[in-house]
Amino acid sequence: MAQVVRISEIAKFEGREVTLQGWLYNKRSSGKLWFLLVRDGSEIIQCVVFKNDVSAETFQAAEKLTQESSLRITGTVSADKRSPLGFELQVREIEIIQIAIDYPISKKEHGIDFLMDHRHLWLRSRKQHAILRIRHQIIHAAREFFDDRDFILVDSPIFTPNAAEGTTTLFETDYFGSSAYLTQSGQLYAEAGAMAFGRVYCFGPTFRAEKSKTRRHLTEFWMIEPEVAFFDLQDDMQLAEEFVSHLVQSTLKNRQKELETLERDLTKLANIKAPFPKIHYREAVEILKKNGSNFMEGDDFGAPDETIISEQFDRPVIVHHYPAAVKAFYMKRDSRQPEYALAMDMLAPEGYGEIIGGSQREDDYDTLLKRIRENGLSEEAFRWYLDLRKYGSVPHSGFGLGIERTVAWIAGINHVRETIPYPRTMQRLYP
RNA sequence: UCCGGCGUAGCUCAAUCGGCAGAGCGGGUGGCUGUUAACCACUAGGUUGUAGGUUCGAGUCCUACCGCCGGAGCCA
């Protein structure tokens, strides 16, 4: 065995003998010659086995290897123009660790249900690698954005005693004889954090028991939620557009190869720079009317409406001042036009839908208490939340960005289920 | 929950008007010293989702159920 290296760093070892540890991705033969595609998690490299250059045992080992068998393979790194990677391994020795029998995912196409049943194995494939590396990059960029702006990470609990959004979409679980709910949003706790630290964010999984079967929905999805004291709606929208610009530009800069693997149109991403267009709800309604939608003013937008609106722009569009009636109880109303909430949504281009929802929060104790009562929510469960309006209440705002929809949009993936390692939907709790 | 679609080999799909259930991939065997989802030859592999019905005859038509896919509503 020679020095063990990662394939991603193979260029540094040209002309030297190295050992790779990994799995067989695919193989081809040509008589006295085997071409082994070996992956180690970082990259895939073609390893060439000439019958005349290796021992009989090693040549037999090459013959015996099946797809996804694990191995150590030793040889000399050589530059080769025919290789997509630019380098090959001229093999001297193969050590089989385990022969994989009947690996279920073949090189040809599969249906989505089959692939999702084998999600734990599907993660090994090229496309899934590209998507999850992009997800990693977006999460990294998101943390970097807030950390660089002096935000403190203050995570919210996952077990909660109360609802943040509609009560019909809560997952209820037994909690030592009483009920707890899986969080739908970390926002309410982030508000408490903002009153403590000024600017905070939380990042974690959230859960919605919505019976949605669409390409934009999961029952478990990850959300990053900043919350800032003394921010009004304008400040909030500006933060959101700078944030999303950063996510896109960081991915474009650091994951170009993965975006190309996914055949993403990079020119569309290059445009995504702040400022973004910002339109009042009423302007959005005008757009819908002009484009032949039978939309009723006063409603919230449906998915087809969002697509029509977002198609008017070459970058995400922020719609603000939604009718208060269709928005959550904690959103502050505009004092000059109280039928509208100081709310905003960011709609991604190309039909990817809403990626951000945010608002300026109601900061008046009596008004918030009234809203809680109007919505039939438990005053007792929200006692702590009301405290924030009792002890030094200030204007504050925040938003939540759904990671999976953002990854789907940036990576150009049709369905959010491929943007998370183990998607949870109404139909799927396995693997 | 509602609307629409699909269930055939391990996988992806064919099967004309209701008339012998087939191909590619994957597996096995053999061949090939530069392949890129390699190729060539041979080969094994089937309770056509389940239950019932119509018919001389059902993968195909009808009913119910189950599973999945897409969409709506709801949302990020």
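Everything quoted here is computed from the prediction, not taken from an experiment. Chain naming here is simple, since letters A, B, ... match the order of the sequence lines and numbering starts at 1 in each. Any value given below was found using the heavy atoms of this structure, including those in side chains, with hydrogens, waters and symmetry copies removed.
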*Asks:* Toward the 5' end of RNA chain B, which comes first, A/His217 or A/Thr425, by nearest nucleotide?
*Replies:*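 Checking each residue's closest nucleotide, the 5'-ward one belongs to A/Thr425.
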*Asks:* For a side-chain hydrogen bond (donor to acceptor under 3.5 Å, both in side chains) with A/Arg255, tell me which candidate from A/His136, A/Gln137, A/Glu260 qualifies.
*Replies:*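 Answer after filtering A/His136, A/Gln137, A/Glu260: A/Gln137.
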*Asks:* Roughly, in whole Å, what's the span from CG in A/Leu121 to C1' in B/G26?
*Replies:*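 Rounded to whole Å, this separation is 15 Å.
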*Asks:* With both distances kept under 3.5 Å, what pairs with B/C74, Watson-Crick or G-U wobble?
*Replies:*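 Pair assignment: B/C74 / none.
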*Asks:* What's the base orientation of B/C68: syn (chi within 90° of 0) or anti?
*Replies:*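 In terms of base orientation relative to the sugar, B/C68 is anti.
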*Asks:* So which nucleotide does B/C17 pair with, by the Watson-Crick or G-U wobble rule with both distances under 3.5 Å?
*Replies:*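 Looking at the geometry, B/C17 pairs with no nucleotide.
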*Asks:* From the options B/A76, B/C74, B/C68, select the nucleotide whose nearest atom is closest to the side chain of A/Gln427.
*Replies:*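 Comparing B/A76, B/C74, B/C68 against the side chain of A/Gln427, the answer is B/C68.
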*Asks:* Between A/Asp113 and A/Arg428, is there a salt bridge with N-O shorter than 4.0 Å?
*Replies:*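 Between A/Asp113 and A/Arg428 there is a salt bridge, with a charged N closer than 4.0 Å to a carboxylate O.
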*Asks:* For A/Asp102 and B/G27, give me the distance from atom CG to atom C1', rounded to whole Å.
*Replies:*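 Roughly 7 Å, once rounded to whole Å.
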*Asks:* Which whole number of Å gives the distance between the C1' atom of B/G59 and that of B/G46?
*Replies:*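 It comes out at 12 Å once rounded to the nearest Å.
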*Asks:* Could you check, using the six-membered ring where one of them is a Trp, whether A/Phe301 and A/Tyr322 have ring centers closer than 6.0 angstrom?
*Replies:*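 Ring centroids of A/Phe301 and A/Tyr322 are less than 6.0 Å from each other.
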*Asks:* Tell me if the aromatic rings of A/His321 and A/Tyr281 count as close, with their centers under 6.0 Å from one another.
*Replies:*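 Between A/His321 and A/Tyr281, the centre distance exceeds or equals 6.0 Å.
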*Asks:* Is A/Arg424 positioned over the aromatic face of A/Tyr422, cation under 6.0 angstrom from the ring centre and no more than 45 degrees off axis?
*Replies:*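 Cation-pi check for A/Arg424 and A/Tyr422: fails.
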*Asks:* May I ask which nucleotide in the shown strands pairs with B/A9, Watson-Crick or G-U wobble, both distances under 3.5 Å?
*Replies:*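 Pair assignment: B/A9 / none.
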*Asks:* At under 4.0 Å between heavy atoms, how does the protein contact nucleotides 28-37 of chain B? Give one character per nucleotide, 5' to 3', with B, S or -.
*Replies:* ----BBBBBB
*Asks:* Scan every strand shown for a Watson-Crick or G-U wobble partner of B/A38, both distances under 3.5 Å, and answer none if you come up empty.
*Replies:*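 In the structure as shown, B/A38 has no Watson-Crick or wobble partner.
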*Asks:* Could you identify the nucleotide paired to B/G46, looking across every strand shown and requiring Watson-Crick or G-U wobble geometry with both distances under 3.5 Å?
*Replies:*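 Check on B/G46: unpaired, no WC or wobble geometry under 3.5 Å.
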*Asks:* Does the ring center of A/Tyr340 lie less than 6.0 Å from the ring center of A/His320?
*Replies:*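 Centroid separation for A/Tyr340 and A/His320: 6.0 Å or greater.
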*Asks:* Does OP1 or OP2 of B/G73 have a side-chain N or O of A/Arg216 closer than 4.0 Å?
*Replies:*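 Checking A/Arg216 against B/G73: no side-chain N or O falls below 4.0 Å of OP1 or OP2.
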*Asks:* Going through the checks in order, is the salt bridge (Lys or Arg N to Asp or Glu O under 4.0 Å) test met by A/Lys332 and A/Asp363?
*Replies:* CA-CA 7 Å; A/Lys332 193 174 179 65; A/Asp363 49 34; 3.2 Å; yes
*Asks:* Taking the P atom of each, how far is B/U35 from B/G18, in whole Å?
*Replies:*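 That atom pair is separated by 49 Å.
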*Asks:* When the distance from CD of A/Glu404 to C1' of B/C75 is rounded to whole Å, what number comes out?
*Replies:*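 Checked: the CD to C1' distance equals 13 Å.
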*Asks:* Of the nucleotides B/C69, B/C74, B/G70, which one has an atom closest to the side chain of A/Ile112?
*Replies:*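 So the nucleotide nearest the side chain must be B/C69.
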*Asks:* Given atom CE of A/Met426 and atom C1' of B/C75, what is their separation to the nearest angstrom?
*Replies:*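 From A/Met426 CE to B/C75 C1': 15 Å.
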*Asks:* Any N or O donor-acceptor pair under 3.5 Å from the base of B/G70 to the side chain of A/Thr214?
*Replies:*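 No, the side chain and the base share no sub-3.5 Å donor-acceptor pair.
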*Asks:* Can you confirm if the aromatic rings of A/Phe313 and A/Phe276 lie within a centre distance of less than 6.0 Å?
*Replies:*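 Between A/Phe313 and A/Phe276, which both carry aromatic rings, the centre distance is not below 6.0 Å.
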*Asks:* A/Glu210 near the nucleic acid: base, sugar-phosphate alone, or nothing, with a heavy-atom cut-off under 4.0 Å?
*Replies:*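 Answer is base: heavy atoms of A/Glu210 come under 4.0 Å of a base.
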*Asks:* Give A/Ile356 one of three labels, base, sugar-phosphate or nothing, depending on what nucleic acid heavy atoms sit under 4.0 Å from its own.
*Replies:*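 The answer is sugar-phosphate, as A/Ile356 gets under 4.0 Å only of primed atoms, P, OP1 or OP2.
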*Asks:* Strictly below 4.0 Å: does A/Arg215 bring a side-chain N or O up to OP1 or OP2 of B/G71?
*Replies:*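 Yes, such a contact exists.
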*Asks:* Distance between the C1' atoms of B/G22 and B/A44, in whole angstroms?
*Replies:*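 Straight-line distance between the two C1' atoms is 16 Å.
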*Asks:* Indicate, with yes or no, if the rings of A/Phe382 and A/Phe329 have centres closer together than 6.0 Å.
*Replies:*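 Close enough - the centres of the two rings lie under 6.0 Å apart.
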*Asks:* To the nearest 0.5 angstrom, please state how far the CG atom of A/Asp305 sits from the OG atom of A/Ser310.
*Replies:*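 Reported to 0.5 Å precision, the distance equals 10.5 Å.
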*Asks:* So what does A/His415 hit on the nucleic acid, given a heavy-atom distance under 4.0 Å: a base, only sugar-phosphate, or nothing?
*Replies:*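 Sugar-phosphate: the residue A/His415, judged by heavy atoms under 4.0 Å, touches backbone atoms but no base.
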*Asks:* In Watson-Crick or G-U wobble terms, both distances under 3.5 Å, what is the partner of B/G26?
*Replies:*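 Matched B/G26 with nothing under the 3.5 Å cut-off.
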*Asks:* Would you classify A/Lys51 as touching base, sugar-phosphate or nothing, given that sugar-phosphate means primed atoms plus P, OP1 and OP2, and contacts are heavy atoms under 4.0 Å?
*Replies:*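 Nothing, no heavy atom under 4.0 Å.
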*Asks:* Pick the C1' atom in B/C62 and in B/U55, then give their distance to the nearest Å.
*Replies:*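 Nearest-Å result for B/C62 against B/U55 at atom C1': 12 Å.
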*Asks:* Taking only the side-chain heavy atoms of A/His110 (C-beta and beyond), determine which of B/A76, B/C75, B/C11 contains the nearest atom.
*Replies:*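 For A/His110, the side-chain atoms sit closest to B/C11.
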*Asks:* Assign A/Gly302 to base, sugar-phosphate, or nothing according to its heavy-atom contacts below 4.0 angstrom with the strands shown.
*Replies:*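 Sugar-phosphate, backbone atoms only, no base.
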*Asks:* What's the CE-P distance between A/Met346 and B/C75, to the nearest Å?
*Replies:*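 Computing the A/Met346:CE to B/C75:P distance gives 19 Å.
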*Asks:* To the nearest angstrom, how far is A/Lys327 atom NZ from B/C75 atom P?
*Replies:*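 In whole Å, B/C75 P lies 7 Å from A/Lys327 NZ.
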*Asks:* Could you identify the nucleotide paired to B/A51, looking across every strand shown and requiring Watson-Crick or G-U wobble geometry with both distances under 3.5 Å?
*Replies:*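 In the structure as shown, B/A51 has B/U63 as its Watson-Crick or wobble partner.
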*Asks:* Could you state the atom-to-atom distance from CZ of A/Phe114 to C1' of B/A9 in whole Å?
*Replies:*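 Computing the A/Phe114:CZ to B/A9:C1' distance gives 13 Å.
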*Asks:* Ignoring hydrogens and angles, answer whether the base of B/C25 and the side-chain atoms of A/Ser106 contain a donor-acceptor pair closer than 3.5 Å.
*Replies:*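 Side chain to base: no pair below 3.5 Å.
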*Asks:* Please report the distance separating the P of B/G5 from the corresponding atom of B/A9, rounded so that it comes out in whole Å.
*Replies:*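 It comes out at 22 Å once rounded to the nearest Å.
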*Asks:* Please figure out whether A/Glu306 or A/Asn414 has its closest RNA chain B nucleotide nearer the 5' end.
*Replies:*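 Its nearest nucleotide lies further toward 5', so the answer is A/Asn414.
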*Asks:* Roughly, in whole Å, what's the span from CE in A/Met116 to C1' in B/C11?
*Replies:*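 A/Met116 atom CE is separated from B/C11 atom C1' by 17 Å.
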*Asks:* Which one, B/C75, B/A76, B/C69, comes nearest to the side chain of A/Phe221?
*Replies:*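 The nucleotide sitting nearest to the side chain is B/A76.
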*Asks:* Work out how far the C1' atom of B/C3 is from that of B/G73, and round it to whole angstrom.
*Replies:*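 Each nucleotide's C1' atom is 11 Å from the other's.
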*Asks:* If you measure from the P atom in B/U8 to the same atom in B/U60, how many Å do you get, rounded?
*Replies:*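 Their P atoms lie roughly 13 Å apart.
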*Asks:* What about A/Trp384 and A/Tyr189, are their ring centers closer than 6.0 Å?
*Replies:*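 When the ring centroids of A/Trp384 and A/Tyr189 are compared, they turn out to be within the sub-6.0 Å range.
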